[in-house]
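Right, one structure below, let's go through it.
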Amino acid sequence: MTALVVELCEDHFRRFPHDRFALIWYAMVKIQHSQYAQAEEALRRAIELFQKDNKRVRSAGGRSAAVEMGRLFREKGDLKKASFWFQRALRADPRYGDAYIFLGDIAFKSGRNERARRSKSSS
């Protein structure tokens, strides 16, 4: 199924090279296949294209692209960069719950949850 998405996206890009939402879907599939360089390139292109949109589309698209960029770096094991991108998604939309969940996952993997518990119990 994911190979079909890649094939359809690549065909779609020949006709619509500036479809930033299709770039996000394409990147999502590339992340699943650990093709991180291609995923990152697609997401950076999508982010660049969203900058030219009106505020509403720029916010929604930027948030989605930032979350996928965060997922990409989380999959690569770079939790610092992943955290940066999830926080960027929250700047675009502070009500976006998925970004909080991903940040919580990073805190757990980084051991910061234990530090937070200790500091809370000592106060």
Side-chain angles (χ1 to χ4, degrees):
M1 182 69 130
T2 56
L4 178 61
V5 172
V6 169
E7 186 176 324
L8 290 172
C9 282
E10 289 173 352
D11 181 56
H12 181 77
F13 294 143
R14 284 190 270 290
R15 289 178 282 143
F16 306 100
H18 302 295
D19 187 337
R20 49 234 175 277
F21 287 103
L23 283 163
I24 293 171
W25 280 95
Y26 181 76
M28 291 167 69
V29 172
K30 292 297 186 174
I31 292 167
Q32 286 179 340
H33 289 277
S34 302
Q35 296 174 334
Y36 303 126
Q38 292 170 323
E40 185 174 353
E41 181 181 329
L43 290 169
R44 290 195 185 280
R45 177 78 175 124
I47 290 167
E48 176 185 313
L49 290 168
F50 280 119
Q51 295 306 311
K52 300 172 185 172
D53 284 319
N54 67 48
K55 185 178 180 179
R56 187 171 147 256
V57 174
R58 185 173 56 241
S59 176
R63 175 199 70 206
S64 296
V67 164
E68 291 309 316
M69 192 71 89
R71 283 188 53 240
L72 180 150
F73 284 108
R74 187 185 68 184
E75 292 295 316
K76 288 175 67 172
D78 190 336
L79 300 182
K80 185 175 179 177
K81 283 185 182 178
S83 180
F84 167 84
W85 284 102
F86 292 134
Q87 289 171 6
R88 184 170 171 173
L90 287 174
R91 282 194 302 276
D93 182 359
R95 298 170 294 157
Y96 192 58
D98 287 1
Y100 288 107
I101 292 168
F102 289 130
L103 284 169
D105 178 57
I106 289 171
F108 177 76
K109 288 178 178 175
S110 301
R112 287 182 285 175
N113 62 330
E114 192 59 44
R115 231 179 298 146
R117 263 190 242 136
R118 281 188 300 227
S119 111
K120 184 175 181 179
S121 64
S122 65
S123 52

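When a residue number appears, it is its place in the shown sequence, counting from 1.
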Tyr26/Phe13 aromatic ring centres below 6.0 Å |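 Distance test on ring centres: under 6.0 Å, yes.
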Any chance CD of Glu41 has more than 12 other-residue heavy atoms, nucleotides or ligands included, within less than 6.0 Å?
->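 At most 12 heavy atoms, drawn from other residues, nucleotides or ligands, come within 6.0 Å of this atom.
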Greater than 12 external heavy atoms within 6.0 Å of Gln51's CD =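 Enclosed: over 12 neighbouring heavy atoms sit under 6.0 Å from CD of Gln51.
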Might you point out which heavy atoms bring Ile24 and Gly61 nearest each other, and give the distance in Å?
->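 That would be CD1-O, 4.0 Å.
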Do you know the tightest heavy-atom contact between Cys9 and Ala22?
-> SG-O, 3.9 Å
Judged by modelled atom types alone, do Glu68 and Ser64 share a side-chain donor-acceptor pair under 3.5 Å?
-> no
Any chance you could lay out the side-chain contact (heavy atoms from CB on, under 4.5 Å) test for Lys30 and Glu40, step after step, and finish with the verdict?
-> CA-CA 9 Å; Lys30 292 297 186 174; Glu40 185 174 353; over 6 Å; no
Rounded to the nearest 0.5 Å, how far does [atom2] of [Y] lie from [atom1] of [X]?
X     : Y      : atom1 : atom2 : value
Leu79 : Asp105 : CG    : CG    : 8.0 Å
Arg71 : Ile31  : CZ    : CD1   : 5.0 Å
Asp98 : Leu103 : CG    : CG    : 11.0 Å
Arg95 : Tyr100 : CZ    : OH    : 10.5 Å

Would a hydrophobic clustering, with Ile, Leu, Val, Met, Phe, Trp and Tyr connected at side-chain separations under 4.5 Å, put Ile47 with Val67?
->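 No, because Ile47 and Val67 fall into different hydrophobic clusters, even though each may have its own neighbours under 4.5 Å.
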Hey, what's the ring geometry for Phe21 with Phe50, parallel, tilted or perpendicular (30° and 60° as the breaks)?
-> perpendicular
